[in-house]
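Scroll down for the structure; my scribbles are underneath it.
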Amino acid sequence: MANVVVIGTQWGDEGKGKVVDLLTERANYVVRFQGGNNAGHTLVVDGKQFIFHLIPSGILHPGKVCMIGNGVVLDPGVLIQEMDKLDAANIPVTPASLAISHYTHVIMPYHRALDEARESRKGSTKIGTTGRGIGPCYEDKVCRCGIRIHDLMDPGHFREKLEANLEEKNFMLKHFFGAAPLDAGSIADEYLAYGERLAPYAANISEVLQGADRDGRNILFEGAQGTHLDVDHGTYPFVTSSNTVAGNACCGSGIGPTRIHKVIGVVKAYTTRVGGGPFPCELLDETGRHIQKVGGEFGATTGRPRRCGWLDMVVVNSSIRLNGLSGLVITKLDVLTGLPTLKIATKYRCGSHELGSVPPELKALEACEPVYEELPGWEEDIGSVRRFGNLPANTRRYLKAIEDLASTPLNLVSVGPGRDETIILQNPFD
Ligand code: IMP
């Protein structure tokens, strides 16, 4: 029995969806613990593509229980759309396969309106949010005026809360942002209907997980975004509004820290970032455009092109520290095939200093120059390789360099988008 957390070590989009999907084979429960529909997982199963923003990708495996923890911010309209799409693909979502914490905060239309209004007002200093209302929903959670899943099931109480919130939000929208105010009546009708539809799925996730853990079941915690988008430890303010680090698997689901056995960090074989913020290894040249094209580096949520760059071990090593990683998964290695020389940043040069971890000050990070180690590339197609020893010598050398620089063992290596296009060195559930 093992409880495993999977997180992203970079700025999100590391290919966690495929990794989670693969590890789900050994899990009984798959739990999301933070973020919302700002995340997007693209999965290819039997040649068919699925994109999920909220439902854990484990839903594609019959007999698994997927959970949306209290740390998630949930847009009920988006969740219901995903449920309906799965139903249409003959993958029924039932209360036996999906549970939502009573305490999960609900993204309301005014959260989306404020997210957009605030970003457009910012102009050149914008964060580049996904515009899904994530930040404003977390603000209300901390401000203690948020609406939670259980509130949708109590119409009188819900209407009261909604009206009190809208009084303030409409004032901001109208008088500060010059945006259109929203109507309480139509929001109430829409959201109370969502409440009726979702009521059978609401549960005490913490209690269910305790029972599962005591029964010796395997639990997989699925992180969204990446460590350097963490609201505390990331490149603030160019971050998301939740804690994306592994420690939040506990707060965001209601399980205690002693019940986590392994923490796996997903490392894309190069680096990408969407939205604004510093990115020391960014490639603004032909190589960057090549990686973007071959890697299909366009956001699953917003369709925006992702900024691309070389692998940055300063970023990865900071993630190893922040998450206490027990193993690494390397993804999208095949994208690098054909590049004559590969570079890995091993440290930063910042004026006369050399740094081995990401500096806390944004200005200092912006002034950092990566110091690269150069390695020879490979030409051979690696998509069909299933054993580490069968990889070309230069591919093995690249992977060994990562393992040595990280002082953390590799668990899996992904050489293509399909479930089977994976080299398994050690399954974290073993
Ligand atoms: P928000 O999470 O929508 O508030 O956006 C804040 C920042 O996090 C922006 O730079 C987004 O592009 C980024 N972000 C949010 N979710 C993801 C994700 O799943 N992958 C990559 N970047 C993300």
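Numbering of residues begins at 1 and proceeds along the displayed sequence. One-based numbering, in listed order, for ligands and for the atoms of each.
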For residues F279 and W11, establish whether the separation of their ring centroids is below 6.0 Å.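 Yes, close enough.
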
Do the side chains of K64 and E25 get close enough for a salt bridge, i.e. N-O under 4.0 angstrom?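 Answer for the salt bridge query: no.
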
With the threshold set at 4.0 Å, does a side-chain nitrogen-carboxylate oxygen contact exist between K363 and E366?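 Looking at K363 and E366, the cut-off is not met.
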
Tell me, do T331 and V267 make a side-chain contact under 4.5 Å, heavy atoms counted?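 Heavy-atom side-chain distance check fails, nothing below 4.5 Å.
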
Could you tell me whether a side-chain N or O of K347 sits under 3.5 Å from a main-chain N or O of V371, the two making a donor and an acceptor?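 The answer is no, because no donor-acceptor pair under 3.5 Å joins these two groups.
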
Proximal protein residues to ligand 1, non-hydrogen atoms under 4.0 angstrom: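 Residues W11, D13, N38, A39, I127, G128, T129, T130, Q225, L229, V239, T240, V274, G275, R304 each place a heavy atom under 4.0 Å from ligand 1, listed by chain and number.
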
In chain order, what residues pass the side chain to side chain donor-acceptor pair (under 3.5 Å) check against E222, with sequence neighbours excluded?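 By the side chain to side chain donor-acceptor pair (under 3.5 Å) rule, E222 matches H41.
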
